[in-house]
Amino acid sequence: MTDLIEQRFVSRRRPEGVETRPMGWWGMLLAVAVLATVYAALYFTYVYIRVSSVHWPPEGIDPPALGLAAGSALALAASALPIHLALQAERARALIGYRLALTAALALGGLHGALLILDWTRVPFGVDEHAYGSLYFVLPGFHLTIAGIGLLIGLTLLALSWHEEATAMLHIGTRSLALYWYITAFGGVALLGVVYLIPHVWRVAISPAGAGP
Amino acid sequence: MLNGRLERVVADVAERPSSLTPQGPAAESLASLWWVMFWLAMAVFVAVMVLLALSIVRRRDLPLEADRFTGETLAGGSNWLMLGGGVILPTAVTLLLMVLMVTTGADLRALGNPSQPLVVEVTGYKFWWDVRYPDAGVRTGNEIQIPAGRPVEFHVTSADVIHSFWVPQLGGKIDMTPGEVNTLRLQADEPGVYRGLCTEYCGIQHAHMHFIVVATPPDEFDAWLAERVDPPEEPTEALAQEGRELFERAQCVYCHTVDGVSPDVDLGPDLTHFASRRTIGAGMLPNEPDNLAEWILDPQAIKPGNRMPPTPLTDEEVQALIAYLETLE
Amino acid sequence: MSATQPQATSTDLERVWASPPTLQGWLGMVNHKAIGKRFLATGLVFFLLGGLFALLARLQLAYPQLEILDAQAYNEVFTMHGVTMAFLFIVPVLEGFAIFILPLMVGTRDLPYPRLTAFGYWVYLMAGVFLFASFLVEVPDGGWYAYVPFTGPDFSPGFGMDFWLLGVTFLEISAIAAGIEIIALLVKNRAPGMTISRMPLFGWAMLVTGFIILFAFPTLIVGSILLEIDRKVGTVFYNPEVGGSAILWQHMFWWFGHPDVYIWLLPGIGAVSMIISTFARTPLVGYTWVVATTIVIGVLSFGVWVHHMFTVGLPLLTISFFGGASLVFAVASGIQVFAWIATLWRGTIVWSTPMLFSIGAVVTFIIGGLSGVTLGVVPFNWLAHDTYYVVAHFHYVVIGGTVLPMFAAAYYWWPKLTGRMLDERLGKWNFWIAIVGLHLTFLPQHIVGFLGMPRRVYTFLPGLGWEPYNLASTVGVLISAVGVLLFVFAAIKSRWAPLAPPDPWGAGTLEWSTDSPVPNANFERLPIVHSRYPLWEQPSLEEGPEDWARRLDTLTQPGHRMREVVTTSEIDGDLQTIITLPQQSQWPWLTSLMITLALVGVLFDAYWLALAGVVATVVCALGWAWPGRDYDPIDER
């Protein structure tokens with residue numbers, strides 16, 4: 001067997017002047033793979049416990065109210081746009097636009113968190129009566145922790161934008177934050193969908209309880 | 001002390017729990033499967049070792065400076081070796097094993113008459129077994145009587161942590177998980193006494209969580225079961241009556257059920273038919289008066305960490321209690 | 001090579017890449033060679049501790065009803081044997097070894113995120129200390145895979161399992177950090193001209209291993225956090241009485257756990273491929289086959305986790321699928337084994353200790369693989385699951401696929417690590433004693449599993465027929481211990497051996513072009529590569545496209561005070577940019593320490609401490625990210 005890879009990949013040199021991705025971007029890309037796996041584990045946990053139960057939500061609990069959660073998901077999804085704008089502003093070295101865009105993203109991110117926590121205060125059950133309750137609070141709690149770290153990164157970048165020698169850092173940092181925030185937004189919206197919509201659309205078991213995957 | 005007593009258990013009570021001496025159709029099927037795989041593995045191992053040895057031993061006139069193989073393609077012989085040994089051989093073996101897997105699995109599922117197996121419910125506790133015959137309404141513990149030559153369907157679960165139910169001479173194992181009920185079909189071909197074990201680490205005395213399976217001829221079994229439906233008669237002899245009162249006073253009733261005497265509790269095994277059991281402590285000691293006395297006075301010395309506390313009794317009280325327990329056939 | 005500018009002297013470059021011999025320098029060390037050696041040294045200590053646990057356990061099992069360890073002590077010892085070996089020895093040593101050798105093997109001066117490398121080590125050290133601190137409080141006794149409900153709040157109410165959950169989760173951060181480093185290095189920092197198909201096989205093994213880490217470890221982190229909050233906060237994820245599931249833990253654990261064992265295997269067989277090729281004096285036959293099979297093993301490793309759960313009561317159709325998928329490993333392994341055989345067939349064998357260990361590894365691994373294949377056949381698994389047959393199987397594959405290759409790698413790369421060779425005569429004694437010991441330990445365990453002996457039993461009843469096999473197995477462990485101690489002795493003795501030449505074995509890959517021990521900057525001038533075995537197939541490491549040569553030359557001119565390496569394109573290895581790396585940083589150990597404090601707070605329910613630790617961690621992360629002096633030349637601080 002010949003060295004197939006060698007023959008098929010003729011050297012494709014990047015034309016001069018085209019920007020290569022900063023090293024930190026690769027690291028963040030791989031970190032995003034880790035985050036994606038975390039979200040996947042959360043979805044699996046929810047679905048597995050759902051499949052192991054007959055009634056969902058359990059007797060005595062109503063399916064969740066959707067208003068606040070919908071607002072939270074919308075704010076989260078919307079926050080991706082200012083992140084994109086911040087990326088463009090950073091490339092154009094437009095610091096004022098950059099700071100505005102970052103602030104908008106942080107505000108929307110904060111709003112989505114606040115709405116979710118507000119929803120938590122309004123439900124009649126806790127974490128310890130039934131796995132439904134445990135899932136309801138803890139899974140979005142994981143997401144809020146991940147999002148919170150993203151907000152901290154964003155705040156740091158905002159602060160850095162006033163530091164004179166931080167141009168390279170800002171460049172790598174903004175691109176990394178963008179990667180991080182996109183996965184957080186996507187994963188988080190999907191998670192909210194799982195936690196808030198499944199009790200509405202999948203109320204009765206497909207098969208008898210205990211016959212898991 | 002302990003060693004000497006335990007010596008007598010295995011020799012007297014049950015056969016050795018070897019899956020290579022199968023005593024039922026499921027175990028036979030599994031043992032045959034094993035031997036086929038074993039010889040297949042042997043053949044593969046020998047073939048690969050021969051090739052490995054040949055490849056090392058054969059001489060080539062190469063200088064010790066490494067060959068310069070810049071850009072060279074894989075030589076024809078090496079290609080066949082890779083393809084034959086690395087792909088074709090394992091693929092063939094894999095396909096063969098998949099076929100064996102499906103056919104053996106089918107064998108095990110088809111075991112017995114699907115319409116009327118005897119159902120036995122077993123619940124695992126730390127570190128004993130609760131056994132019920134739901135159709136007859138009979139409850140016992142740590143020893144399971146079954147009819148030889150008939151399929152038995154075990155419904156197993158756990159009351160606390162995950163245990164696992166295995167009788168090596170009769171078949172494979174199944175986990176006992178709290179919140180789930182799993183089913184296992186076994187059959188003993190001949191009458192005999194077999195040892196079962198817990199095979200999922202469940203805590204401090206997992207090592208001593210055994211049980212005994214007694215297979216008897218079917219009519220004997222039916223008689224046995226029928227006899228045990230009614231609660232045992234009250235003891236007539238004086239010492240045993242004293243023991244009966246002691247059974248309540250010494251608070252045995254808080255953990256152990258005796259049909260007609262104490263309500264249904266499950267902190268310890270049901271003792272209604274204790275006298276007919278061959279072992280104490282879930283397969284640990286032969287059920288003999290000396291062992292029983294030692295056990296009642298200080299079970300922690302024999303099985304440290306199990307749930308039964310020591311019971312302070314005088315020698316006469318112990319004898320009375322044992323006399324009572326011996327009436328519980 | 002430019003004719004106008006003088007070449008930098010080695011001492012200039014060496015000074016830039018050196019670290020001051022002060023406490024600050026030691027704590028702030030970020031260079032991959034030092035970090036790699038720290039991983040290896042710490043890993044050796046944990047190996048000896050894990051081996052001590054094994055020795056104790058087997059002494060207890062030499063005869064029925066011995067009282068060397070009581071039941072609780074035994075249960076703690078077997079748990080910590082598994083935890084130490086699986087989490088504190090195997091993965092860190094493999095990581096550490098990769099951290100040390102990969103930059104050398106692919107022709108660069110360091111890993112791309114040196115502070116992350118250092119952080120990974122400090123986390124490993126502190127998590128290891130955290131786990132062993134349990135011996136002062138309460139030792140975990142739930143087994144290394146900690147099944148619920150036994151390890152939940154109802155049945156393990158003390159601190160023991162909290163040590164496990166918090167310690168292992170902490171440790172996983174170290175592994176994920178290493179995974180990210182290694183992938184980034186292998187994708188972006190190879191030597192100019194090292195196309196992806198010229199990357200050494202050990203590099204491919206680590207690349208796939210890195211991806212396995214990224215996709216497997218987070219699941220255990222999530223599952224462990226859920227269990228920890230079940231224990232601390234009162235959630236009920238794993239409580240079947242109120243809607244939770246005990247089986248959920250098994251899925252979460254084994255989704256991680258099965259790929260984990262391929263994290264253990266792939267580096268080992270990657271190293272064996274390198275060593276066999278050197279001592280057969282020929283490039284490895286079937287490079288492309290082996291790369292393909294490595295990738296297949298990596299992907300397939302995620303599709304078989306249920307084979308640890310065949311007796312749980314899942315539907316037969318489901319488990320048959322996973323059984324079938326498990327059998328496919330036979331094909332992947334077969335390709336690897338036959339690549340080795342084909343290489344040996346073509347080559348001329350030179351015997352040495354690394355070669356002995358490698359061949360011994362291959363034979364042992366084949367035995368383990370065969371028993372593994374039988375376990376994939378679902379009905380047989382119902383017989384053998386949770387018996388000593390399984391214990392025998394996994395020790396055979398771990399020893400054959402990882403531990404013996406580690407010894408081979410130690411003997412082979414020792415001159416790069418320390419500058420000296422390990423004694424060959426001692427090495428041969430080491431090998432033969434260890435091989436006899438290991439086979440004597442584990443071969444009888446197959447049999448006693450058939451005779452009914454379950455796993456994780458602190459003693460057994462006499463008269464069941466288990467005695468001779470247990471005794472043999474215990475004798476085997478004693479012999480193996482002698483073998484291991486011989487290695488330790490050889491390692492210590494090598495300090496007084498003469499310095500080794502750069503390439504004592506006559507090998508072909510880049511790491512052998514450096515001096516022994518490896519200088520601080522690794523290479524005087526970064527090499528340009530045209531083949532898979534540059535030292536065998538290239539007359540020079542400096543010839544290449546004009547602009548590459550020019551740019552690499554500028555990096556070695558005097559006056560360069562920063563630590564610089566190059567990035568290259570992912571597939572073709574074309575030279576792209578020059579990047580600057582930090583020289584020293586205190587943030588990695590500080591951040592790691594703050595996380596440790598937070599975990600101690602959670603462990604003992606001291607939530608004020610936990611909160612303080614979290615805040616301090618955030619502050620440290622901020623300090624780490626903020627532009628500071630970490631990149632500045634050390635003597636300018």
Side-chain angles (χ1 to χ4, degrees), chain B residues 2-3 6-7 9-11 16-20 30 33-34 37 41 45 48 51-52 55-56 60 62 64 66-70 78 81-82 85-87 90-91 93-94 97-98 100-101 104-105 108 161-162 164 168 172-175 177-180 182 197 199-201 204 206-207 304-305, chain C residues 65 71-72 75 143 147 149-150 155 240 246-247 281-283 285-286 289 311-313 316 320 323-324 327-328 330-331 334-335 338-339 341-342 344-346 348-349 366 370 373-374 377-380 382-383 385-386 450-452 454 456-465 508 531 536-537:
Chain B
L2 205 56
N3 230 329
L6 290 171
E7 286 284 355
V9 175
V10 247
R16 290 182 171 188
S18 165
S19 53
L20 297 177
L30 291 175
L33 173 63
W34 160 248
M37 293 197 300
F45 183 69
V48 174
L51 278 172
L52 184 63
S55 69
I56 290 174
R60 278 201 72 197
L62 258 192
L64 285 185
D67 264 324
R68 309 252 156 153
F69 284 112
T70 317
S78 305
L81 198 57
M82 291 289 301
V87 179
T91 305
V93 169
T94 301
L97 290 175
M98 286 188 191
L100 282 175
M101 172 161 70
T104 312
L108 294 177
V161 300
I162 299 180
S164 192
K173 61 181 67 72
I174 190 81
D175 283 358
T177 309
E180 318 266 331
N182 286 329
L197 320 117
T199 40
E200 181 62 57
Y201 174 64
I204 196 163
H206 165 63
Chain C
Q65 302 297 319
Q72 180 59 30
N75 294 342
Y147 275 8
F150 180 74
F155 300 102
I247 313 291
R281 321 303 298 148
T282 174
V285 167
W289 285 96
T311 61
V312 164
L316 187 59
S320 303
L327 296 178
V328 174
V331 180
I335 292 174
F338 274 84
I341 292 180
L344 293 166
W345 193 280
R346 173 197 260 173
T348 309
I349 315 297
I366 292 173
L370 288 170
V373 161
T374 62
V377 178
V378 172
F380 177 72
W382 294 336
L383 197 69
H385 175 72
D386 235 296
F450 279 117
L451 299 185
R456 305 167 148 197
V457 289
Y458 80 98
T459 188
F460 51 99
L461 296 174
L464 299 180
S531 68
W536 284 350
E537 294 169 6

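Note on naming: letters A, B, ... go to the chains in the order of the sequence lines (proteins, then strands), and numbering restarts at 1 for each one.
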Chemist: If I measure from the heavy atoms of chain C, does B:Ile162 come under 4.5 Å with its side chain, its backbone, both, or neither?
Modeler: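 Interface part for B:Ile162: both.
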Chemist: If you count heavy-atom pairs under 4.5 Å with chain B, which of C:Leu383, C:Thr374, C:Val457 comes out on top?
Modeler: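 Heavy-atom pairs under 4.5 Å are most numerous for C:Leu383.
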Chemist: Got C:Ile335 and B:Met82 here, is their nearest side-chain heavy-atom distance under 4.5 Å?
Modeler: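 Answer yes - side chains close enough.
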Chemist: Can you confirm whether C:Trp345 sits close enough to B:Leu51 that some side-chain heavy atom of one is under 4.5 Å from a side-chain heavy atom of the other?
Modeler: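 Heavy-atom side-chain distance check passes, below 4.5 Å.
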Chemist: Would you call C:Trp289 and C:Phe338 a side-chain contact if the rule is heavy atoms closer than 4.5 Å?
Modeler: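 A side-chain contact is absent here, since even the closest heavy-atom pair is not under 4.5 Å.
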Chemist: For C:Pro240, which atoms come within 4.5 Å of any heavy atom of chain B: side chain, backbone, both, or neither?
Modeler: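 For C:Pro240, side-chain heavy atoms alone lie under 4.5 Å from chain B.
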Chemist: What part of B:Asn182 is in contact with chain C, defined as an atom under 4.5 angstrom from a non-hydrogen atom: side chain, backbone, both or neither?
Modeler: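 For B:Asn182, the side chain is the part near chain C, not the backbone.
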Chemist: Do you know which of C:Ala246, C:Gly508, C:Gly334, C:Ser320 has the most heavy-atom pairs under 4.5 Å to chain B?
Modeler: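 That would be C:Gly334.
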Chemist: Measure C:Ile341 against the heavy atoms of chain B and call it side chain, backbone, both or neither at under 4.5 Å.
Modeler: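 Both parts, backbone and side chain.
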Chemist: Considering only heavy atoms, which portion of B:Ile174 lies under 4.5 Å from any heavy atom of chain C: side chain, backbone, both, or neither?
Modeler: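 Both parts, backbone and side chain.
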Chemist: Select one option (side chain, backbone, both, neither) describing which atoms of C:Leu370 are under 4.5 Å from chain B's heavy atoms.
Modeler: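 For C:Leu370, the contact with chain B is made by the side chain alone.
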Chemist: What part of B:Thr199 is in contact with chain C, defined as an atom under 4.5 angstrom from a non-hydrogen atom: side chain, backbone, both or neither?
Modeler: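 Contact with chain C: backbone and side chain both.
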Chemist: Determine the option with the most heavy-atom pairs under 4.5 angstrom with chain C, choosing from B:Ser55, B:Gly85, B:Ala41.
Modeler: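 Ranked by contacts with chain C, first place is B:Ser55.
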Chemist: Which one wins on heavy-atom pair count under 4.5 Å against chain C: B:Pro168, B:Pro178, B:Gly305?
Modeler: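 The residue among B:Pro168, B:Pro178, B:Gly305 with the greatest pair count is B:Pro178.
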Chemist: Check whether any side-chain heavy atom of B:Ser164 sits under 4.5 Å from a side-chain heavy atom of C:His385, and report yes or no.
Modeler: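 No, every pair of side-chain atoms sits at 4.5 Å or beyond.
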Chemist: Can you say whether C:Phe380 sits under 4.5 Å from chain B via the side chain, the backbone, both, or neither, judging by heavy atoms?
Modeler: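 Its backbone and side chain both get close to chain B.
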Chemist: With chain B as the partner, which of C:Ile366, C:Leu327, C:Val373 has the greatest number of non-hydrogen pairs under 4.5 Å?
Modeler: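 Between C:Ile366, C:Leu327, C:Val373, the count favours C:Leu327.
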Chemist: Going through the distances and angles, do B:Leu20 and B:Trp34 end up as a side-chain contact (heavy atoms from CB on, under 4.5 Å)?
Modeler: CA-CA 9 Å; B:Leu20 297 177; B:Trp34 160 248; 3.8 Å; yes
Chemist: Would you say the side chain of C:Asn75 lies within less than 4.5 Å of the side chain of B:Tyr201, judging by non-hydrogen atoms?
Modeler: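 Contact flag for B:Tyr201/C:Asn75 side chains = yes.
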Chemist: Any heavy-atom pair between the side chains of B:Ile204 and B:Pro304 that's under 4.5 Å?
Modeler: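 B:Pro304 does not reach B:Ile204 side chain to side chain.
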Chemist: For the pair B:Arg16 (side chain) and C:Gly463 (backbone), establish whether a donor and an acceptor sit closer than 3.5 Å, ignoring hydrogens and angles.
Modeler: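 Yes; judged by distance alone, with no hydrogens or angles, the pair exists.
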Chemist: Under the rule for side chain to side chain contact (heavy atoms under 4.5 Å, CB included), what residues qualify as partners of C:Thr459, not counting sequence neighbours?
Modeler: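 Per chain and number, C:Thr459 pairs via side chain to side chain contact (heavy atoms under 4.5 Å, CB included) with B:His208, C:Gln60, C:Gln65.
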